[in-house]
There are 2 protein chains.
Amino acid sequence: MQPTIYDVAKKAGVSIATVSKVINNNGRIGKETRKKVLKIMEELNYQPSVLASALTGKRTETIGVLIPDLTNPFFAEITASMEERAHERGFSVVICSTKDSEEKEAKYISLLLRKKVDGCILASRFKQVGLIENMVKQGIPVALTSQDIPALNLNTVSVDDYKGGYKATAYLGSLGHKKIAMIAEKNVRSSHERIKGYVDAMIEMDLPFDDTLIREVEPTVTGGEQATEELLSLKEPPTAIFAGNEILAIGVSRAARSFQLDIPNDFSVIGFDNTLLATICDPPLTTIAQPIEQIGKQIVDILISEINGELGNKQRIMLPPELVIRKSTKELSIGKRLDEG
Amino acid sequence: MQPTIYDVAKKAGVSIATVSKVINNNGRIGKETRKKVLKIMEELNYQPSVLASALTGKRTETIGVLIPDLTNPFFAEITASMEERAHERGFSVVICSTKDSEEKEAKYISLLLRKKVDGCILASRFKQVGLIENMVKQGIPVALTSQDIPALNLNTVSVDDYKGGYKATAYLGSLGHKKIAMIAEKNVRSSHERIKGYVDAMIEMDLPFDDTLIREVEPTVTGGEQATEELLSLKEPPTAIFAGNEILAIGVSRAARSFQLDIPNDFSVIGFDNTLLATICDPPLTTIAQPIEQIGKQIVDILISEINGELGNKQRIMLPPELVIRKSTKELSIGKRLDEG
DNA sequence: GTGAAAGCGCTAACAG
DNA sequence: CTGTTAGCGCTTTCAC
């Protein structure tokens with residue numbers, strides 16, 4: 001159906017070797033010959049088969065990307081960034097949503113192996129370290145993003161979650177808030193780091209806190225909502241909450257509103273990630289921005305470097321998070337401060 | 001690096017033909033032999049190369065998906081649904097974001113052709129009909145979603161945009177709103193259909209309207225915001241707006257609020273799509289739901305049927321949209337009705 | 001039941 | 001400069 005190199009060769013009256021050379025722009029080819037071959041390729045709308053090419057030892061120009069869930073704006077955005085960069089670099093990406101299922105992780109890794117992808121990016125929350133080791137052993141380049149597995153020596157690009165947690169909390173403190181709570185996603189390494197940042201900032205600011213102020217929940221709107229309701233029902237409720245991501249932050253806002261609290265006048269919320277959601281919700285969220293674009297771009301670049309064998313030793317890059325101030329945070333009003341006296 | 005069929009054959013003491021047969025579960029193979037080969041494959045962690053297999057005429061088990069933009073929740077959600085279904089059916093997907101660029105459309109189509117994908121899904125806003133015809137001519141199965149190109153006889157799954165527009169408008173009317181405006185996305189076929197639905201509903205309800213009540217804008221929050229500001233500045237401003245999608249609807253809400261209008265008490269908004277955004281914004285949006293899951297699933301199923309040659313003639317499926325009532329719409333208050341006399 | 005061998009479309013020496 | 005040829009890893013007749 002689709003023309004092959006033979007069709008081009010025959011029609012151009014040359015050998016397939018010659019055609020191959022003009023395709024790959026190598027070897028010495030006469031100017032006229034090249035022009036003729038090019039013309040025929042055009043006429044036939046010939047597209048060289050990446051399959052056949054890869055079979056002879058070249059690359060498939062494909063990288064596999066495993067993410068937990070495309071419908072989560074954070075992953076959608078980072079995937080978009082990886083996809084864009086990969087295409088710029090001549091690679092395409094095959095996306096696999098693991099849904100946090102170990103079964104799917106295994107299935108997709110095997111799938112990617114069979115398809116002979118040139119490399120793999122595991123974005124966040126990949127569970128089975130053994131599978132990763134297996135790939136590495138088979139010689140396929142692997143890179144991690146938004147998660148670090150210190151036990152493995154792998155290329156990694158992630159944001160400094162600890163610093164992000166610290167910054168968020170410190171900012172709330174700088175606004176005069178004393179009672180600051182944190183709602184974090186459960187069972188995720190990066191979330192633990194954010195909590196550590198929160199804790200250290202609280203200690204450093206000499207602000208009292210205890211376990212009741214730290215909630216680990218499912219990363220859903222209702223998760224954030226319920227935790228907030230509980231927190232606001234405390235005898236001494238927090239005046240500000242640091243939410244570990246923006247889905248949670250939206251839950252926080254919703255609960256606060258149901259308690260008749262005006263954001264940011266009565267109550268402040270800060271999120272984490274800086275996805276579309278932060279700009280879209282009302283009021284727009286103050287948040288700790290991850291450089292999503294840059295993370296995606298850089299992880300792809302590093303993976304491709306490794307594929308090209310250009311990498312000496314593994315890269316471990318930690319990008320700084322940044323505070324983005326919008327409308328969901330405000331100085332604690334004098335009245336409130338006096339209340340807390 | 002990775003083991004091949006030869007490695008397995010040698011270690012198992014059989015020929016590669018035999019191994020091939022056990023892989024594909026065809027031909028007659030002795031029970032013992034099969035067991036032994038299977039065991040060796042396991043030991044070697046052998047993954048048959050899809051490349052080599054495809055080169056002999058089998059499928060690549062890959063489908064290409066072209067969408068405008070992954071960071072748009074609607075496309076992210078539909079992509080997620082397609083990806084999930086494709087994997088269930090044994091296919092993987094390579095994602096290409098066209099960013100509405102004709103250059104990228106052409107580049108990605110060519111890429112997918114070179115990779116020998118088994119088929120292609122074009123999701124919305126694909127511009128160059130010629131490119132599609134080309135693929136079809138080369139024998140590549142193509143399916144369309146969220147867009148119909150009546151000139152081409154292609155498999156299509158989309159929502160009934162006309163009916164959706166009609167329903168949205170009729171619902172607003174049923175709430176007592178008389179002055180209903182529409183803000184739609186520019187230059188998109190499906191958007192035009194939604195407008196038609198709006199117009200027909202207005203006429204049928206005998207509600208007055210003219211061109212000033214219909215705005216076509218860029219599909220951004222600010223697009224929706226500005227249009228709404230203009231509409232609300234009219235001598236007789238609308239009491240309800242039908243937004244062509246949820247990004248626009250969020251812009252509408254924002255502008256309404258800046259006009260000191262309370263949603264839904266003073267002002268109603270209805271959106272279209274029913275993405276995450278509708279549930280997340282405040283108040284949650286009443287909207288016309290597209291069956292996103294189903295669209296994604298069905299388009300994949302149809303494409304695979306065509307790949308398998310199981311399809312007699314092309315399918316053109318139009319799914320019904322559904323009204324989802326949330327908190328952004330409300331009966332027009334008596335006061336307002338009297339005002340309007 | 002099993003294996004030998006041709007061929008899928010292309011690349012990479014190696015000749016000429 | 002251009003062509004011949006031997007694979008790449010696998011499938012598929014066709015013999016045995």
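First the proteins, then the strands, lettered A, B, ... as listed; each starts at 1.
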Starting the side chain at C-beta, find the nucleotide from [options] nearest to [X].
{"X": "B/K58", "options": "C/dT11, C/dC10, D/dT11", "result": "D/dT11"}
{"X": "A/T4", "options": "C/dG9, C/dT11, C/dG1", "result": "C/dG9"}
{"X": "A/I29", "options": "D/dG3, C/dG9, D/dT2", "result": "D/dT2"}
{"X": "B/A17", "options": "C/dA5, D/dG9, C/dT11", "result": "C/dA5"}

> Under a 4.0 Å heavy-atom cut-off, which of residues 35-43 of chain B touch DNA chain D?
Replying inline: none
> Which of residues 106-119 of chain B have a heavy atom under 4.0 Å from DNA chain D?
Replying inline: none
>> Is it true that, when you exclude A/N313 itself, more than 12 heavy atoms of the residues, nucleotides or ligands shown sit nearer than 6.0 Å to its CG?
In response: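 Not more than 12 within 6.0 Å, no.
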Starting at atom [atom1] of [X], determine the distance to atom [atom2] of [N], rounded to an integer number of angstrom.
{"X": "B/N25", "N": "D/dT11", "atom1": "CG", "atom2": "P", "value": "12 Å"}
{"X": "A/L55", "N": "C/dA12", "atom1": "CG", "atom2": "C1'", "value": "14 Å"}
{"X": "A/L51", "N": "D/dC10", "atom1": "CG", "atom2": "C1'", "value": "12 Å"}
{"X": "B/R59", "N": "D/dT11", "atom1": "CZ", "atom2": "P", "value": "13 Å"}
{"X": "A/R28", "N": "D/dG3", "atom1": "CZ", "atom2": "P", "value": "16 Å"}
{"X": "A/K10", "N": "C/dG9", "atom1": "NZ", "atom2": "P", "value": "12 Å"}
{"X": "A/M1", "N": "C/dC8", "atom1": "CE", "atom2": "C1'", "value": "17 Å"}

> For the residue pair A/R316 and A/L152, what are the closest heavy atoms and their distance?
Replying inline: NH2-O, 2.6 Å
>> B/Q147 vs B/S190, test: side-chain hydrogen bond (donor to acceptor under 3.5 Å, both in side chains). Steps then yes/no.
In response: CA-CA 7 Å; B/Q147 69 177 344; B/S190 59; over 6 Å; no
N/O (side chain, [X]) to phosphate O (OP1/OP2, [N]) under 4.0 Å:
{"X": "B/S15", "N": "C/dG3", "result": "yes"}
{"X": "A/T56", "N": "D/dG7", "result": "no"}
{"X": "A/T18", "N": "D/dG3", "result": "yes"}
{"X": "B/S49", "N": "D/dC8", "result": "no"}
{"X": "B/Y46", "N": "D/dC10", "result": "yes"}

Remember a base hit wins even if backbone is also touched, and classify [X] as base, sugar-phosphate or nothing at under 4.0 Å, heavy atoms.
{"X": "A/V14", "answer": "sugar-phosphate"}
{"X": "A/G57", "answer": "nothing"}
{"X": "B/S20", "answer": "base"}

>> Go through it in stages, so that I can follow the logic: the residues are B/K99 and B/D69, the test is salt bridge (charged side-chain N to carboxylate O under 4.0 Å, His left out), and I'd like the CA-CA distance, side-chain angles, deciding distance and then a yes or no.
In response: CA-CA 6 Å; B/K99 300 288 181 71; B/D69 176 17; 5.6 Å; no
>> If you assign each of A/K31 and A/I16 to its closest nucleotide in DNA chain D, which residue comes earlier from the 5' end?
In response: A/K31
What I want to find out is whether [X] reaches [Y] closely enough, with some N-O distance under 4.0 Å, to be called a salt bridge.
{"X": "B/E32", "Y": "B/K36", "result": "no"}
{"X": "B/E88", "Y": "B/K297", "result": "no"}
{"X": "B/E185", "Y": "B/R125", "result": "yes"}
{"X": "B/D148", "Y": "B/R189", "result": "no"}

> Has the side chain of A/Y6 got a donor or acceptor that lies under 3.5 Å from a partner of the other kind on the base of C/dC10?
Replying inline: yes
>> side-chain hydrogen bond (donor to acceptor under 3.5 Å, both in side chains) for A/T62 and B/K115? Distances and angles first, verdict last.
In response: CA-CA 9 Å; A/T62 303; B/K115 300 238 162 134; 3.3 Å; yes
>> Need to verify one output field. Residue with the more 5' nearest nucleotide on DNA chain C, A/I5 or A/K21?
In response: A/I5
> Would A/S81 and A/E293 satisfy side-chain hydrogen bond (donor to acceptor under 3.5 Å, both in side chains), going step by step from the backbone distance to the final call?
Replying inline: CA-CA 5 Å; A/S81 149; A/E293 277 280 326; 4.7 Å; no
>> Side chains of B/K127 and B/L122, heavy atoms from C-beta outward: is any pair under 4.5 Å?
In response: no
